[in-house]
Structure formats: structure tokens, C-alpha cells
Amino acid sequence: MKVLVINGPNLNMLGIREPGIYGAETYKDLLEYIRSYCENDGTDVSFYQSNHEGDLVDKIQEALGVYDGIVINPGAYTHTSIAILDALKSVSIPAVEVHISDVDSREEFRQISYIRAACISTVMGKGFAGYTEAIRILKEYRKTK
Ligand code: DQA
């Protein structure tokens with residue numbers, strides 16, 4: 001199974017940004033964590049991070065016919081981006097929304113997700129483990145198709 005892990009704005013700042021919320025580990029640590037899980041699991045994984053909404057839309061469009069699943073942490077665009085929602089709907093690739101923090105227990109504006117309507121599931125508040133949980137969900141979903 002080919003999975004694309006997309007991270008949106010400021011996730012490249014993991015380890016530096018608000019460590020009390022997002023932890024002390026870096027974006028590089030995150031990629032190593034996911035890569036090692038996928039090696040054991042036999043999942044073919046690729047990564048993409050951008051701080052720009054249009055680049056995220058481009059990457060989702062380019063995933064069509066290439067990836068079997070998308071894991072996406074859209075960062076702050078979660079709470080604003082109809083363009084990312086539409087891109088996910090356009091390609092119809094099964095997608096799981098991930099948040100490192102528990103967005104539902106934070107500010108009210110973080111409790112709104114424009115992306116969720118295009119995702120088969122959402123994982124939040126589980127730190128880095130949320131990404132591997134999302135890959136597990138995609139694999140299970142695939143078996144039902
Ligand atoms: C986040 C939560 C968002 O509200 C925030 O803007 C982020 C990270 C998370 O992973 O918990 O950038 O998506």
C-alpha cells in the first residue's frame with residue numbers, strides 16, 4: 001500500500017514550536033518514527049510538508065493514481081481551508097485527518113474542521129502515534145474495499 005503523509009504549515013517547526021503542546025521532538029524525528037513503523041509494516045510511505053495552501057492542494061491533486069491513502073495534518077488550514085477539502089474530495093483517495101494535539105479540547109476555532117468531511121476518520125491528541133494509527137486505519141479500510 002502506498003501512503004502519502006502530508007503536513008501543513010508550521011509542522012516543520014516541531015520541537016521548537018510550543019513544546020508544551022506539540023512535544024520536544026522535531027519534524028525529522030516524526031518522519032523517522034513513521035518510516036520505521038512503515039518498514040516493519042511493509043507500507044510504502046512518502047512525505048510532504050508545506051506552509052502554503054496552494055502547494056498542499058497541488059500535492060493532493062498529484063496524488064491521484066499514485067497513492068492508495070493519504071494521512072493529512074493540515075495544521076491551521078484545518079480550520080479555514082475549503083480548497084484543501086475540495087482537493088481531497090476531487091481525488092477521492094481515502095484520507096485520515098491527524099492532529100498531534102487534542103484540538104477538540106483547545107480554543108473554539110480549533111474545534112472546527114473543514115477537512116473532516118472528506119476524511120474516513122480523524123485521530124487527535126495522540127502525538128506522533130496518531131500518524132501511525134492513521135496508517136493502520138487506512139490499511140483496515142482498504143481491506144473492506
Ligand atoms: C495541529 C492543530 C492545529 O490547530 C494547529 O494549527 C497546528 C497543529 C495539531 O497537529 O495538533 O498547526 O493540526
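What you see is a predicted model; the values in this text were computed from it and never measured. Order of listing sets the numbers, starting from 1, for every ligand and every atom in it. Positions are given from 1, in the same order as the sequence printed here. Side-chain atoms are counted along with the backbone in the values below, which use heavy atoms only and exclude waters and symmetry mates.
- Of all protein heavy atoms, the one closest to atom 1 (C) of ligand 1 is H99 ND1, 3.7 Å.
- Inclusion of V98 in the set of residues having an N or O under 3.5 Å from an N or O of ligand 1 is not warranted.
- Residue N73 has at least one N or O atom closer than 3.5 Å to an N or O atom of ligand 1.
- In this structure, atom 4 (O) of ligand 1 lies nearest to the protein heavy atom H79 NE2, 2.7 Å.
- Taking any N or O of R17, backbone or side chain, at least one lies under 3.5 Å from an N or O belonging to ligand 1.
- Salt-bridge annotation for K28 and E32: present, with a side-chain N of the basic residue lying under 4.0 Å from a carboxylate O of the acidic one.
- Closest to atom 9 (C) of ligand 1, if we only count protein heavy atoms, is I100 N, 3.4 Å.
- Counted by atom type alone, Y141 and S121 present zero donor-acceptor pairs between their side chains at under 3.5 Å.
- When each of K139, R142, K145 is checked for a salt bridge (Lys or Arg N to Asp or Glu O under 4.0 Å) with D68, only R142 meets the rule.
- Within the 3.5 Å criterion, the main-chain N or O of C38 finds no donor-acceptor partner in the side chain of D41.
- Residue-ligand proximity: Y77 is placed with every non-hydrogen atom at 4.0 Å or more from ligand 1.
- Between H79 and H99, the two ring planes are parallel [angle under 30°; tilted spans 30° to 60°].
- Residue A76 places at least one N or O, backbone or side chain, under 3.5 Å from an N or O of ligand 1.
- When each atom of ligand 1 is checked for a heavy atom of Y22 under 4.0 Å away, the hits are 2 (C), 5 (C), 7 (C), 8 (C), 9 (C), 11 (O).
- With a heavy-atom cut-off of 4.0 Å, R110 touches ligand 1 through its side chain alone.
- Polar contact with ligand 1: present for S101 (N/O pair, distance under 3.5 Å).
- Between S101 and the choices E18, K126, R110, R106, the side-chain hydrogen bond (donor to acceptor under 3.5 Å, both in side chains) rule is met once, by R106.
- N7 CG to N51 CG: the interatomic distance, rounded to the nearest 0.5 Å, is 10.5 Å.
- Distance alone, capped at 3.5 Å, places no donor-acceptor pair between the T43 side chain and the V45 backbone.
- Counting protein heavy atoms only, atom 2 (C) of ligand 1 is closest to V103 CG1, 3.5 Å.
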